[in-house]
Amino acid sequence: MNQKNSKKINSVTRKTIKNFSKKVHQKNNAQGTIEYLIIIAIIIVIGLIVAGISTNLFQTQQITNTTQQLKGQIGSGGISIIDATGNTTTGKNYLNLKNTSGETLTITQIKTNDGENDYPNQPWITGNNTLIQTNNLCECETGQTQKSCELQIITLTKNGIKHTSKQTITVQCSTTAQPTKEPITPKEPAAPKTPICGSITLQELPEYVLLTNCENITNDGNYLLDKNLNCTSLRITADDVTIHGNYCAINGNIDASNENENAQTKLTIEHATIDGNIIANENANQTSGTILLNNTTTNNIITIGKNNDNTTGGKSRNIILNTSKVIGTITSTGGIDPNYEYGGSTGTITLTDSNVTTITSKGGDGYDEGGNTGTINLTNSNVTTITSTGGTSTSGSGGSTGTITLTHSNTTTIISTGGYGKGYNGGNSNTITLTNSDVTTINSTGGDSYYYLAGNGANIIINNSTLDESISTRGGSGIEEYSTGGNGGNVTFDPCPITKPTVTTTGGIGDYGYDNGEDGTILPENCFP
């Protein structure tokens with residue numbers, strides 16, 4: 001091989017080796033870069049995982065904290081305990097509770113390991129605070145500053161659904177703890193639910209006479225049952241009679257009708273079950289007797305003023321119920337006098353801690369004037385329907401309705417209607433007041449008039465109460481002979497309702513272009529802008 005070719009080969013070889021070395025170097029650099037990038041990527045992934053775990057832990061903690069915070073605000077079962085104080089001397093605690101359930105509740109019972117307290121039926125509107133007193137539950141002991149207990153609060157919805165809220169409370173104890181306002185207090189311990197009939201003896205009640213059969217009661221006085229009686233009708237003609245049922249039953253009607261024109265008779269029945277009706281037809285004119293039930297159950301109460309043809313119709317008796325139940329209807333009707341005088345008025349109806357299906361009060365129809373209806377007052381009670389109607393008149397004014405007042409009570413419908421006055425004015429529908437109560441519908445109407453002024457609708461006052469559907473308070477209409485329509489009533493809310501019912505406050509229409517009645521007003525005006 002000549003020198004020239006040898007140089008060429010060596011030149012090519014060196015070039016080849018250089019290129020190969022360059023490629024190898026480039027390959028090593030690339031491999032290093034890839035490995036470096038992979039390591040960086042792994043570090044980034046690990047960082048993201050760690051950051052994600054930390055973030056999730058932080059968010060989980062935030063959610064937990066928020067949940068605990070909301071739980072403290074909302075409470076258990078829609079009830080939040082704002083604060084609790086206890087008096088170490090009296091054993092009474094005062095629980096400030098808030099209804100956060102979104103619906104009206106009724107607290108029926110509070111329990112702890114120490115026992116239980118029962119409460120009267122008092123509707124508790126959503127969003128409102130209420131102060132509840134407990135007696136000898138989670139009681140603060142001398143020297144204690146705090147005491148913690150598990151509390152069970154049993155409530156009913158307006159539809160009767162039962163809920164139990166279990167919460168742990170911490171009571172702040174002191175010797176001077178007092179309620180900041182009037183609290184809802186527990187009911188007195190009820191009589192045994194299944195008492196033994198005749199468990200009370202004459203030795204315990206020496207002023208009573210033993211009632212052993214269904215013979216007529218003709219003498220005033222106190223009578224005691226010691227067994228169940230089966231009566232078609234137990235007739236009472238005396239003026240003042242008290243029957244202590246002794247937790248026994250009278251299976252039949254009680255007829256307490258009285259023909260005495262000036263009667264102010266009184267019938268009291270306590271701790272009894274009357275498996276029949278209590279009936280009282282009265283002949284009284286301006287005065288009235290009373291039917292009083294204490295811890296008693298009956299089917300219906302029917303009290304009627306006697307009908308008269310030449311004088312005022314009789315007035316029906318007053319009816320008072322305490323912790324009692326009427327399975328059917330309380331019917332109170334004034335006597336009628338269609339030819340000469342006035343229709344009879346009805347007595348008052350008063351319920352406390354009692355339940356009645358229906359209350360119907362109707363003034364008697366009269367010639368000169370229709371009879372008025374008496375007042376109806378409910379406290380801690382439940383009635384499905386309340387109807388109050390003034391009596392009509394064939395030549396004068398219609399009767400007016402008595403006031404209707406509900407306090408811590410429930411009813412579905414209230415209907416109040418003034419009587420029709422053919423000869424003069426229509427009767428007025430008078431004031432309806434609700435306080436801490438729950439009602440679905442109120443319908444108030446003044447009585448129509450044939451000749452002169454139609455009656456006015458009721459003024460309706462609603463304090464801390466709910467009206468689920470509608471309120472109507474309208475003036476009566478002028479029917480003929482150029483009569484004037486009655487005024488619509490005013491509706492006053494305190495406070496303004498969260499859920500607004502339909503409200504109608506229109507004046508009645510006058511006849512033949514005569515004046516219509518004035519419309520009522522909704523107050524405060526900003527309640528229904």
Side-chain angles (χ1 to χ4, degrees), residues 71-101 103-158 160-193 295 322-323 352-354 379-382 407-410 435-438 464:
K71 185 178 179 181
Q73 292 174 352
I74 297 173
S76 173
I79 296 175
S80 178
I81 299 176
I82 307 302
D83 58 62
T85 58
N87 191 304
T88 57
T89 303
T90 64
K92 296 178 181 179
N93 292 339
Y94 306 103
L95 310 180
N96 185 8
L97 307 179
K98 184 172 184 179
N99 180 359
T100 57
S101 66
E103 60 182 327
T104 299
L105 299 176
T106 298
I107 293 179
T108 61
Q109 191 177 67
I110 295 179
K111 294 181 179 181
T112 68
N113 291 333
D114 300 324
E116 59 191 42
N117 287 170
D118 295 320
Y119 292 88
N121 296 323
Q122 299 195 11
W124 181 20
I125 299 167
T126 184
N128 282 9
N129 286 21
T130 191
L131 191 65
I132 302 287
Q133 176 182 308
T134 65
N135 295 343
N136 304 313
L137 301 183
C138 195
E139 182 177 353
C140 290
E141 298 174 6
T142 303
Q144 281 186 318
T145 58
Q146 288 186 340
K147 184 168 184 178
S148 296
C149 301
E150 185 181 75
L151 202 70
Q152 294 185 48
I153 304 174
I154 293 87
T155 60
L156 292 177
T157 68
K158 64 178 296 183
I161 300 173
K162 181 179 178 181
H163 291 294
T164 299
S165 168
K166 295 183 179 180
Q167 301 190 48
T168 298
I169 64 166
T170 299
V171 180
Q172 304 300 319
C173 305
S174 74
T175 58
T176 58
Q178 293 293 329
T180 55
K181 60 181 179 180
E182 189 69 24
I184 298 175
T185 58
K187 294 193 295 186
E188 292 295 325
K193 295 182 179 179
N295 295 284
N322 293 318
T323 319
T352 303
D353 296 322
S354 298
T379 302
N380 302 328
S381 298
N382 297 307
T407 304
H408 294 292
S409 297
N410 295 321
T435 301
N436 294 312
S437 295
D438 195 352
N464 292 313

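The basis for the numbers below is simple: all heavy atoms, side chains too, and nothing from hydrogens, waters or symmetry mates.
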Partner of Leu97 under side chain to side chain contact (heavy atoms under 4.5 Å, CB included), chosen from Ile153, Leu105, Ile184: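 Result for side chain to side chain contact (heavy atoms under 4.5 Å, CB included) with Leu97: Ile153.
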
Side-chain heavy atoms of Leu151 within contact of Cys138, under 4.5 Å: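 No - every pair of side-chain heavy atoms lies 4.5 Å or more apart.
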
Quick one: [atom1] on [X] to [atom2] on [Y], what's the gap to the nearest 0.5 Å?
X      : Y      : atom1 : atom2 : result
Ile110 : Ile132 : CD1   : CD1   : 5.5 Å
Ile169 : Asp83  : CD1   : CG    : 10.5 Å
Glu116 : Ile154 : CD    : CD1   : 8.0 Å
Asn436 : Thr379 : CG    : OG1   : 11.5 Å
Cys140 : Asn87  : SG    : CG    : 8.0 Å
Lys92  : Asn117 : NZ    : CG    : 11.0 Å

Return the set of residues passing side-chain hydrogen bond (donor to acceptor under 3.5 Å, both in side chains) with Gln178 (not counting sequence neighbours), or none when no residue passes.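 With sequence neighbours excluded, Gln178 shows a side-chain hydrogen bond (donor to acceptor under 3.5 Å, both in side chains) to no residue whatsoever.
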
Within the side chain of Thr106, is there an N or O that forms a donor-acceptor pair under 3.5 Å with the backbone of Thr155?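 Side chain of Thr106 to backbone of Thr155: no pair is present.
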
For [X] and [Y], work out which heavy atoms get closest and say how close.
X      : Y      : result
Asp353 : Pro120 : OD1-CB, 3.4 Å
Pro179 : Leu131 : CB-CD2, 3.7 Å
Ala177 : Tyr94  : O-CE1, 3.8 Å

Criterion side-chain hydrogen bond (donor to acceptor under 3.5 Å, both in side chains) on Asn410 and Asn382, from CA distance to verdict: CA-CA 5 Å; Asn410 295 321; Asn382 297 307; 3.1 Å; yes

Tell me, which pairs form a side chain to side chain donor-acceptor pair (under 3.5 Å) where one or both residues lie in residues 128-139, sequence neighbours left out?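 Side chain to side chain donor-acceptor pair (under 3.5 Å) check on residues 128-139 returns Gln133-Asn135.
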
Pairwise side chain to side chain donor-acceptor pair (under 3.5 Å) hits with a residue in residues 144-153, at least two apart: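 Qualifying pairs, neighbours excluded: Gln146-Gln172, Ser148-Thr170.
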
